[in-house]
Amino acid sequence: MHPDYVFDAEAEFGRKAPLIVEIGSGLGDAVCHAAEENPDKDFLAVEVYTPGLANTLIKINSRGLSNVRVVEANAPEVLATMLPPGSVTELWVFFPDPWHKSRHHKRRLIQPAFAELAARALKPGGLWRIATDWSNYAVHVREVLAAPPSSRTCTTASAAARRAP
Ligand SMILES: C[S@@+](CC[C@H](N)C(=O)[O-])C[C@H]1O[C@@H](n2cnc3c(N)ncnc32)[C@H](O)[C@@H]1O
């Protein structure tokens, strides 16, 4: 992804609508289901795994979804440069790679710097939805979200943070 590329959702979708961004969309099941159920919202799937994106594109085409776009890119770069500040209504990270060994925790996607990038991309009052089935990752998320002043935590195995308006 070129660092100068900025995603213009209004131009891309041809309308003004809430933008939901899913980071690590995998095979696209969640984003395609949500897009089908919410035709009044627009969705961007961010994934580095090419076969996952191919599966997502197949679902988009077979279901005739016009409100989903995909990008093959590294999530921190998408949040830092591709998405305009305050452009995202909801940010989703569902079941990120757990990296369950202690020595690998630094590889986890959700880190303080990532939280700052998420806060940058979210609209005031925007919602960050995070789900994990690893209790240790849920604790890690709560610790990370407690750190940045712009975020606050709530819940347990799935966590959500709302950017302060
Ligand atoms: C455990 S899978 C979960 C996939 C999907 N969210 C689900 O619930 O089935 C984590 C996904 O995050 C993607 N991922 C990991 N790091 C990423 C990054 N830096 N940028 C974009 N995607 C990433 C992986 O390629 C993988 O598809």
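For this chain, numbers begin at 1 and follow the sequence in order. One-based numbering, in listed order, for ligands and for the atoms of each.
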Worksheet item: Do E47 and T56 get their side chains close enough for a donor-acceptor pair, meaning under 3.5 Å?
Response: no
Atoms of ligand 1, numbered as shown, that sit under 4.0 Å from any heavy atom of [X]:
X    : answer
E22  : 6 (N)
L109 : 19 (N)
Y49  : 25 (O)

[atom]: the protein heavy-atom neighbour that sits closest, reported with distance to 0.1 Å:
atom                    : result
atom 20 (N) of ligand 1 : A75 N, 2.9 Å
atom 4 (C) of ligand 1  : G24 O, 3.5 Å
atom 26 (C) of ligand 1 : E47 OE1, 3.6 Å
atom 15 (C) of ligand 1 : D97 OD2, 3.5 Å

Item to complete: Compute the minimum heavy-atom distance from A73 to ligand 1 and say whether it is under 4.0 Å.
Response: yes
Worksheet item: Evaluating non-hydrogen atoms only, which member of T50, V48, N74 is closest to atom 23 (C) of ligand 1?
Response: V48
If we only count N/O pairs under 3.5 Å, is [X] in contact with ligand 1?
X   : result
P96 : no
I23 : no
F95 : no

Practice prompt. If the plane angle is over 60° it's perpendicular, under 30° parallel, otherwise tilted; pick one for H104 and W99.
Written response: perpendicular
Item to complete: Please work out whether the ring planes of Y137 and H140 are parallel, tilted or perpendicular, with thresholds of 30° and 60°.
Response: perpendicular
Are any of the side-chain heavy atoms of [X] and [Y] separated by less than 4.5 Å?
X   : Y   : result
I20 : D42 : no
R69 : E12 : yes
V48 : E72 : no

Practice prompt. Could you grab the distance from atom NZ of K59 to atom OG of S25, nearest 0.5 Å is fine?
Written response: 9.5 Å
Worksheet item: Is R15 paired with E10 through a side-chain N to carboxylate O contact shorter than 4.0 Å?
Response: no
Worksheet item: Centres of the Y5 and H2 rings: under 6.0 Å?
Response: no
Worksheet item: Is any heavy atom of the protein nearer than 4.0 Å to atom 6 (N) of ligand 1?
Response: yes
